[in-house]
Amino acid sequence: MPKVKLPNNSLLDVPQSTPAIEVARKISRSLAEDALVVKIDGKLFDLSTPITNDCAIEFLTFDDPQGKEVYWHSSSHLMAHAIQLLFPEAKFGVGPAIEEGFYYDIDINKTLTPADLEAIEKKMHEISEGDQPFVRKVVTKDDALKFFKEKSDPYKVEIIGGLDGTITIYGEGEFTDLCRGPHVPSAGRLKYFKLLGTSGAYWRGDSKNKMLQRVYGVSFPKKKMLEDHLKMLEEAKKRDHRRLGRELDLFMFHDVAPGAPFWLPKGMIIFRELEKFIREELDKRNYLEISTPMLVKKDLWEQSGHWGHYKENMFVLNVDEEIYSLKPMNCPESTYAFKHKTRSYRDLPLRYSEIGRLHRNEISGALGGMFRVRQITMDDAHIYCRPDQILSEIDNIIALVKYVYGLFNFEVSFKLSTKPDDAMGDPRLWEQAEESLRQALANNAIKYGVKEKDGAFYGPKIDIQIKDAIGREWQVATIQLDYVMLPEQFDLSYIDAEGKPQRPVIIHRAIFGSFERFVGILTEHLAGAFPTWLAPVQAAVIPITDDYRDYAKSVVTALKEQRVRVELDDRNEKVGYKIREWETKKVPYMLIVGQKEAESGAVSVRKHHEGDKGATPLADFVDSIKREIVEKI
RNA sequence: GCUGACGUAGCUCAGCUGGUAGAGCAACGCCUUGGUAAGGCGUAGGUCACGGGUUCAAAUCCCGUCGUCAGCUCCA
């Protein structure tokens with residue numbers, strides 16, 4: 001009798017060849033109901049898999065990421081089944097689970113409309129009600145080829161042609177698909193789904209191949225989960241920075257400048273506050289700010305290697321018979337500032353920061369709001385240091401990153417990207433560099449993921465991701481070690497204590513990344529309700545009637561004297577109307593003043609999203625809002 | 001760049017199978033001076049993205065261009 005070890009380390013004897021699902025039933029009925037798939041000795045299997053040997057076993061439910069993946073993958077089969085019933089001529093590509101749901105690529109001579117999606121969804125429900133089991137079958141390559149040729153599924157045939165080893169197919173009712181599995185036990189487990197849209201996708205991601213239609217969907221075992229998910233998507237739509245940017249007069253886009261925002265006065269306040277903030281932090285940390293030319297001769301880009309590798313993304317101009325380009329990056333030019341003088345080891349680390357405007361000719365299809373623009377403002381820096389200084393410099397940057405993102409209540413996570421196959425430079429240096437990054441992460445007690453071979457060709461890097469208020473992850477800051485690109489290509493050196501020239505190491509780093517993108521992320525994270533220190537309008541003063549306009553003006557003056565961004569709303573409208581409007585503009589404070597307040601030198605404070613806070617002496621309010629602004633609460 | 005969808009007033013959108021445009025909100029004016037999320041009445045506002053074509057007639061049909069969006073792709 002095989003012994004199975006459960007996650008709580010208890011052992012269970014089970015009869016030979018007991019299906020895994022029976023083991024789940026022994027543990028608890030609810031587990032048997034919720035389990036989607038089983039992990040035996042670390043590998044995933046169908047719940048019907050018989051237990052034949054001693055093993056460690058774990059049942060995965062939808063709460064487990066891998067359980068989810070299986071659930072979505074099975075959902076994608078269910079969808080394909082429905083599509084086949086409705087469109088028998090459809091040919092199938094691949095249908096995997098993705099981060100948030102699943103998709104299936106299909107080849108069909110018709111553009112699917114939202115009405116088609118609804119019909120497919122309906123059909124999926126019908127199939128789900130039939131509750132047919134997913135049945136795994138091992139087949140030979142020849143049989144598999146024969147089957148899918150007969151089914152006239154050329155894409156499957158192509159996939160099979162490239163397969164070695166065991167080939168499995170899964171049947172579910174009258175639908176059979178090539179699949180590695182595993183799957184949930186039966187179609188009835190797949191209950192609540194929503195097809196979210198379609199898009200084009202090339203077969204095997206290659207633009208030389210035929211464009212298939214990709215149908216996206218998401219599914220959940222509980223109705224509430226689907227509802228919550230759809231609500232989250234709604235919420236994301238409501239938070240869309242393109243919409244909020246327009247509604248709050250922060251920035252706009254126009255056809256005359258695709259891929260570049262027009263910053264409006266209110267957005268510019270946010271931009272300036274962020275810039276001021278980051279500059280102050282960099283000053284405190286002994287960075288030196290530089291600014292390098294935006295339009296530079298091609299020679300520079302040839303030297304840096306961009307001309308060879310990045311030219312398609314550069315805006316190139318002909319000026320006086322010479323070829324120039326708008327800079328797509330700051331790094332090459334920063335080396336000129338470094339080389340301006342002979343550098344001593346005593347000068348290092350030399351921390352050059354630059355808030356530079358960069359132009360990158362992103363392909364038109366990549367553009368999207370503030371998230372992908374052709375003109376970006378980067379809070380860049382290049383730290384020229386000695387090898388023995390790397391650790392402390394990385395330490396400082398990590399501290400800065402944590403401080404900055406903590407301020408906005410973003411959850412920060414770190415990823416180390418290691419040496420890629422096409423890496424340049426001495427392998428010993430790479431080892432040393434990766435070790436420095438690891439050590440810096442360890443010093444800061446940071447748990448981090450590793451992205452193997454995902455470093456830049458010139459050095460390993462730490463990528464910093466943040467998670468926003470509705471759980472979405474964004475890659476923002478980056479810390480890259482560079483032993484090769486700048487130091488070698490630009491032949492950089494400093495004079496060491498023995499009077500000999502040495503190569504410096506360069507750390508490329510950005511905190512916000514680009515202001516454009518960061519403001520976009522921040523807008524969505526905060527749903528447009530910026531903290532007082534960033535809010536374009538920090539307080540609106542609302543007199544109840546014209547009789548208190550003068551008092552309201554004195555309140556405005558008092559606040560302006562303290563550099564509070566305040567607006568007087570003395571329009572001929574009712575209080576409720578004005579409150580509604582300032583509330584939708586997400587202004588942190590409204591100060592309502594009437595007879596009571598005028599007589600006692602007070603203001604009635606209404607806080608955004610919280611409501612009436614009652615009357616308080618004007619002087620007290622001024623103190624508290626000032627503190628809030630200074631302390632960036 | 002590729003595929004698809006879309007482009008009508010400042011915004012959100014209507015306008016069926018062709019007969020030269022409509023609503024709500026916003027704006028402006030008047031009335032109303034109102035204590036915590038929309039007071040009333042009225043006025044103005046559009047070369048229907050742009051350029052061609054079909055037609056007696058085009059916002060509507062066709063072609064092209066530009067732009068936006070969803071993806072794909074790319075990302076030193």
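Here the structure is a predicted model, which is why all the values come from computation and not from measurement. Within every chain, numbering begins at 1; the chains are lettered A, B, ... in the order of the sequence lines, protein sequences first and strands thereafter.
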Q) Which nucleotide sits closest to the side chain of A:V575: B:G35, B:A76, B:G1? A) B:G35
Q | Pairwise P distance for B:U17 and B:G29, with rounding to whole Å | A | 42 Å
Q: May I ask you to say what A:G611 touches in the nucleic acid, namely base, sugar-phosphate or nothing, with a heavy-atom cut-off under 4.0 Å?
A: nothing
Q: Flag the pair A:F338 / A:H382 as yes when their ring centroid distance falls below 6.0 Å, and as no otherwise.
A: no
Q | Selection from B:G35, B:A38, B:A27 that lies nearest to any side-chain heavy atom of A:R571 | A | B:A27
Q: Rounded to whole angstrom, note down the C1' distance from B:A44 over to B:A26.
A: 13 Å
Q) Between B:G71, B:U33, B:A76, which nucleotide gets closest to the side-chain atoms of A:D546? A) B:U33
Q) When you compare B:G46 with B:C72, how far apart are their C1' atoms, in angstrom units rounded to a whole number? A) 37 Å
Q: Measure the acute angle between the ring planes of A:F251 and A:H241, then classify it against the limits of 30° and 60° as parallel, tilted or perpendicular.
A: tilted
Q | Side chain of A:K574 - closest among B:U73, B:U36, B:G34 | A | B:G34
Q: Using the P atom on both, measure B:A37 against B:G1 and round to a whole Å.
A: 50 Å
Q: Verify, without hydrogens or angle tests, whether A:K419 (side chain) and A:G459 (backbone) share a donor-acceptor contact under 3.5 angstrom.
A: no
Q | Residue A:Y577, side-chain atoms from C-beta onward, closest of B:U36, B:G71, B:A26 | A | B:A26
Q) Base, sugar-phosphate, or nothing for A:Q595, non-hydrogen atoms under 4.0 angstrom? A) base
Q | Sugar-phosphate only, base, or nothing, as touched by A:M590 at under 4.0 Å among non-hydrogen atoms | A | nothing
Q.
With side-chain contact (heavy atoms from CB on, under 4.5 Å) as the test, pick out the partner of A:I592 among A:V603, A:V605, A:D612, A:I579.
A. A:I579
Q.
Applying a 4.0 Å non-hydrogen cut-off, can you work out what A:G459 is touching in the nucleic acid: base, sugar-phosphate, or nothing?
A. nothing
Q | Per A:L367 side chain, nearest of listed nucleotides B:G35, B:A76, B:U68 | A | B:U68
Q. Which is true for A:R606 with a 4.0 Å heavy-atom rule: it touches a base, it touches only sugar-phosphate, or it touches nothing?
A. base
Q | Length of the CG-P vector between A:D107 and B:U3, whole Å | A | 15 Å
(Q) What is the distance, to the nearest angstrom, from the CZ atom on A:R372 to the P atom on B:C72? (A) 12 Å
Q: Please determine if a side-chain N or O atom of A:R242 lies less than 4.0 Å away from the OP1 or OP2 oxygen of B:C69.
A: yes
Q) Quantified in whole Å, what is the P atom distance between nucleotide B:U60 and nucleotide B:C50? A) 11 Å
Q. Is A:K461 salt-bridged to A:D463, going by a charged N under 4.0 Å from an acidic O?
A. yes
**Q.** Rounded P spacing from B:C75 to B:A5 in Å
**A.** 28 Å
(Q) Rounding to an integer number of Å, can you tell me how far A:I506 CD1 sits from B:A76 P? (A) 18 Å
(Q) It should be established whether A:T545 places a side-chain nitrogen or oxygen under 4.0 Å from OP1 or OP2 of nucleotide B:G34. (A) no
Q) Rounded to whole angstrom units, what separation is found between the CD atom of A:E597 and the C1' atom of B:U36? A) 11 Å
Q: Could you check how far CZ of A:R243 sits from P of B:A26, rounded to whole Å?
A: 16 Å
Q) Quick one: is B:G34 close enough that its OP1 or OP2 comes under 4.0 Å of any side-chain N or O from A:Y548? A) no
Q. When all nucleic acid strands are considered with a 4.0 Å heavy-atom cut-off, which category describes A:G576: base, sugar-phosphate, or nothing?
A. sugar-phosphate
Q | Whether A:S325 side chain and A:F315 backbone form a donor-acceptor pair below 3.5 Å | A | yes
**Q.** Sugar-phosphate only, base, or nothing, as touched by A:K596 at under 4.0 Å among non-hydrogen atoms
**A.** base
Q. If you measure from the P atom in B:A49 to the same atom in B:C11, how many Å do you get, rounded?
A. 13 Å
Q. Do the rings of A:F518 and A:F512 sit parallel, tilted or perpendicular, given the 30° and 60° boundaries?
A. parallel
Q: Could you check how far CG of A:D255 sits from C1' of B:C69, rounded to whole Å?
A: 13 Å
Q) To the nearest angstrom, how far is A:L212 atom CG from B:U73 atom C1'? A) 14 Å
Q. Which is true for A:Y216 with a 4.0 Å heavy-atom rule: it touches a base, it touches only sugar-phosphate, or it touches nothing?
A. sugar-phosphate
Q.
Rounding to an integer number of Å, can you tell me how far A:F371 CZ sits from B:G71 P?
A. 12 Å
(Q) Can you work out whether A:D612 or A:E312 has the more 5'-proximal nearest nucleotide on RNA chain B? (A) A:D612
Q.
Roughly how many Å apart are B:C6 and B:C25, using the P atom of each and rounding to a whole number?
A. 29 Å
Q: Please figure out whether A:Y458 or A:I579 has its closest RNA chain B nucleotide nearer the 5' end.
A: A:I579
Q: Please state whether the rings of A:F220 and A:H229 are parallel, tilted or perpendicular, taking 30° and 60° as the class boundaries.
A: tilted
